[in-house]
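Notes for the one structure printed next.
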Amino acid sequence: MDFELTEEQKMLAESAASFARKTSPVERLRKLRTMPPTEGVEQRHPSVGDPRNWEKAVWRQMAELGWLGLFYPEEVGGLGLRFFDASLVIEKLGTTLVPEPYVASVVLGGWALLKAGDLAQQKRFLGPMIEGETSLALAWQERGARYDAGAVETKATRTAGGWSLSGEKVYVLNGHAADHLVVSARRPDGSLGLFVVDAGAPGLTVTSITTMDSNRAAFVKLDGVELEADRHLEAGDALAAVEWALDLAAAAACAEGLGIARAMTHATVEYIKVRKQFGVAIGTFQVLQHRAVDMFVQTQLLESTSVFACVNADGDDVDARRRTVSVAKARLGVGAKFVSQSAVQLHGGIGITDEHDIGLFFKRMQVLTTLFGDEEFHVRRFAARPGFDTTVGD
Amino acid sequence: MDLSFTAEQEAFRDEVRSFIAGALPPHLAAKAAVDGHFEHHEVMEWHQILFRKGWVAPHWPQEVGGTGWDAARRFIFSEELEKAGVPTLSPFGLSMVGPLIIQFGSEAQKARFLPKILSGEEAWCQGYSEPEAGSDLASLRTTAVDDGKGGFVVNGQKTWTTYGQYADWIFCLVRTNASAKKQAGISFLLIDMKSPGVKAVPMLTTGHTPAFCDTYFDNAVVPQENVVGPVDGGWTMAKALLGHERTLIAAVGTSTRALARVKGIAAQHGLLEDAHWRGRIARLEIELEALRMQNYRALAGAQLGHAPGPESSVLKIRGSEILQQTLELAMDVMGPACMAWFTPDGVLAPQEQWIPSSFNYTRATTIYGGSNEIQRNVIAKWILGLPAQA
Ligand SMILES: Cc1cc2nc3c(=O)[nH]c(=O)nc-3n(C[C@H](O)[C@H](O)[C@H](O)COP(=O)(O)OP(=O)(O)OC[C@H]3O[C@@H](n4cnc5c(N)ncnc54)[C@H](O)[C@@H]3O)c2cc1C
């Protein structure tokens, strides 16, 4: 076993860290986000309420850095590296809550396309995304489906020239801004299919909503959306592709959560060193020291589990992938909760203001723990593994 | 040991219940049934209904507007209010400064302030915390200097002033004696929010509600007769008041309503029949029941006339933790929907609408009213008799 990063990986992580610090500090998210109106409150951090909530120019910058195609094959325009490399970037983007739709577009939409589409479709839709010209979304979730990618009622029916889709998808990440949506729908034979729908297609209604983490997502209605036959991704199994994309995204959430946990632990430790009460720094109080220590302990576990999940997430061993991802994501549920709650508690009153970044981190952590399967889901999936009854540890 | 209520007490319970059923306006009842989120003016509307009935301040002595109920009736009353989900009245006048004025105020102060607290004509807020004085309240710096003309000139900043923007008056701890040791030079001062030089600037909480303010005092002149208790004797006032705040913070009623809402949401999401989810909800309800029983014991103590002692910290610690866990469970039950943030109708079910905001705001319950760390210090020192930290 070797947990050392290669020189290339170290450089990648360093360039992502510097990008987060310089190009997209938390302040940038504050500017872009949409604040629901509140009577009588003057915003000390004015927000422009960008309907996209992220910027194309920055997306292109990320493309130029090679990040949007890191783990995609060279034949579709990628760098041919592994998902673990991307997880190093994702972790750093987490430390300043970078709002560009890396996970939604590169991890979710992109991976479903790669696994279900043929080479022509991959080139057609992944190529421009990797270039930073377009962005994608994966519309898999339906009302009441919780985390079950197979609970799909959206229907795909055949037409003379191709397909027609009808149904509703909820909480589609980047659905409000994506150029193409990869949509799951049930085919006439009852099996699941994946289809690529363009933004603005007749019959498609996209309702953009604000989310707790100062981002956006979309509710998407499809009312007889007509598609050419070449919009049907049928080179790979659709359900397997979506589930894999969700596992990859769950691993990404762990990496991002790790970045946030590090940022919160760091900010908290620094704060209790300088905040004075009773004539001393509050970090003098042992109970707070131990709480900070436990934040560190949890962050260590987040790191270990995230590494295993991210290394296995794009591998072909399905059981290893599911096991490590479920371990990491269930742990994120526990660790993120402890770290983010402690960070708020140790900041005292300012931890409850919108003006302090701790609150923004707290919210993003909550969203990360619910996305792509919460603790409950992953504990159950872990317990449902073949071999669970008789083995421990493999 | 008798754990039951008497027939008389049960009859009283029925009376309260039918009063609420008749008096709660339909638009408030509708909100109580759905999300339980009330705006300031709605809270005041219910305040005035209780005032007209004569039931707005059961814990006050009868001669100044209380009901004359014993502790058991007061408890039954508040339990029924909580069960019905009516708006929780602002505590700053009725439960904080009011009782303090009753205990320590001059006759003139009683006559001036108490009737308007009762009627709801004047709303109050609490000006204790400052940017540099939170847990260590006695390090506060806001000054009140004798102007030699019967007034104090007040300068400084208070912070986290809950609903300061709606308040007519603020009760403050201010430093009246710069040379005295920490606690000794503090006075308890009542300040008209409309005085020139006083300004409350609302801030957003992480729940996206304008629930607290920075409050600034810039040469605000306050008549000296607005000091409650002796000048420089404010620390005794503050301590008397803090004990009271702690029992309020047990929040059994708030948690009960929140857990009922969790069950409703779980049913809606088809989770209530699932053994695992049922178990999680039941486990939390058991914690809440334990708190409720603890609260009953504290109540029985109060019935016998015992002043709330450091044990009330137990209620504060468990009450705040359980309320937080209830909101966390609500978020878990909502699942992916918990990320929706102030969304239009149709995205969340009505009873889910305020959950994400409350989940965030509720992190404050272990911070305000004496943080849970401070509560534990209180128990360590005053109950367990442990030596002070080096
Ligand atoms: C939503 C909200 C509403 C509020 N409303 C009001 C109001 O209306 N009026 C008002 O006056 N105030 C109000 N407050 C302020 C509240 O009382 C203070 O936040 C609280 O006293 C803590 O002070 P602080 O925020 O300065 O935190 P600090 O005192 O700086 O504490 C930071 C951390 O250090 C810990 N700590 C501090 N001292 C010790 C110690 N000796 N041992 C162990 N741990 C310690 C604390 O527990 C906390 O975790 C409100 C606060 C909030 C969050």
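To find a chain, count down the sequence lines: A is the first, B the second, and so on, and within it residues start at 1.
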query = For A:Q341 and B:Q324, what are the C-alpha separation, side-chain angles and deciding distance, and is it a side-chain hydrogen bond (donor to acceptor under 3.5 Å, both in side chains)?
reply = CA-CA 10 Å; A:Q341 291 181 352; B:Q324 290 179 342; over 6 Å; no

task = Evaluate the criterion side-chain contact (heavy atoms from CB on, under 4.5 Å) for residue pair A:R275 and B:E132; output intermediate values, then yes/no.
result = CA-CA 9 Å; A:R275 169 68 173 173; B:E132 304 302 326; 3.8 Å; yes

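- No donor-acceptor pair under 3.5 Å is formed between the side chain of B:H269 and the backbone N or O of A:G144.
- Taking a 6.0 Å sphere around CZ of B:R283, one finds it holds 12 or fewer heavy atoms contributed by other residues, nucleotides or ligands.
- Residue contact with chain B, scored on non-hydrogen atoms closer than 4.5 Å, involves the side chain of A:L288 exclusively.
- Counting heavy-atom pairs under 4.5 Å between each of A:H347, A:R143, A:R291 and chain B puts A:R143 at the top.
- Between chain A and the residues B:T366, B:T209, B:T343, the largest count of heavy-atom pairs under 4.5 Å involves B:T366.
- Taking A:V287, A:I350, A:T207, A:V170 one by one and counting their heavy-atom pairs under 4.5 Å with chain B, the maximum is reached by A:I350.
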message = Pair A:D354, B:M203 - check side-chain contact (heavy atoms from CB on, under 4.5 Å), show working.
response = CA-CA 8 Å; A:D354 177 69; B:M203 285 182 277; over 6 Å; no

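- Residue contact with chain A, scored on non-hydrogen atoms closer than 4.5 Å, involves the backbone of B:A133 exclusively.
- Remark: A:S340 OG to B:R363 CZ distance equals 7.5 Å, nearest 0.5 Å.
- Ranking A:Q366, A:K276, A:Q286 against chain B, the residue ahead of the rest is A:Q366, based on heavy-atom pairs under 4.5 Å.
- Counted within 6.0 Å of NZ on B:K182, heavy atoms from surrounding residues, nucleotides or ligands total more than 12; the atom is thus considered enclosed.
- Using a 4.5 Å heavy-atom threshold, the side chains of A:R146 and B:L271 count as touching.
- Side-chain contact between A:Q345 and B:E373 is present, with heavy atoms from C-beta onward closer than 4.5 Å.
- Between B:A364 and A:I352 the shortest heavy-atom distance is N-CD1, 3.5 Å.
- Below 4.5 Å, heavy atoms of chain B meet heavy atoms from A:T370, A:L371, A:D374, A:E376, A:R380, all part of residues 368-380 of chain A.
- In terms of heavy-atom proximity, A:M212 sits nearest to B:N360 at SD-ND2, 3.4 Å.
- Across B:G207, B:A340, B:S371, the residue that shares the most heavy-atom pairs under 4.5 angstrom with chain A is B:A340.
- For the pair A:Q277 (side chain) and B:G134 (backbone), a donor-acceptor distance under 3.5 Å is present.
- With chain A as partner, the option from B:S357, B:A337, B:G346, B:A138 having the largest number of non-hydrogen pairs under 4.5 angstrom is B:A337.
- Here A:G348 is the residue among A:G348, A:G351, A:G359 with the most heavy-atom pairs under 4.5 Å with chain B.
- Using a 4.5 Å cut-off on side-chain heavy atoms (C-beta onward), B:M339 and A:N215 make no contact.
- Looking at A:V344, both its backbone and its side chain come within 4.5 Å of chain B, counting heavy atoms on both sides.
- Using a 4.5 Å cut-off on side-chain heavy atoms (C-beta onward), A:Y171 and B:V347 make contact.
- In the displayed structure, A:E153 atom CD is contacted under 6.0 Å by at most 12 heavy atoms of other residues, nucleotides or ligands.
- Only the side chain of A:F219 comes within contact range of chain B, with heavy atoms under 4.5 Å apart.
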ask   = side-chain contact (heavy atoms from CB on, under 4.5 Å) between A:I209 and B:W341: does it pass, once the steps are laid out?
value = CA-CA 8 Å; A:I209 62 156; B:W341 193 245; over 6 Å; no

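- Comparing B:R280, B:M331, B:H276 by how many heavy-atom pairs each has under 4.5 Å with chain A, the most go to B:H276.
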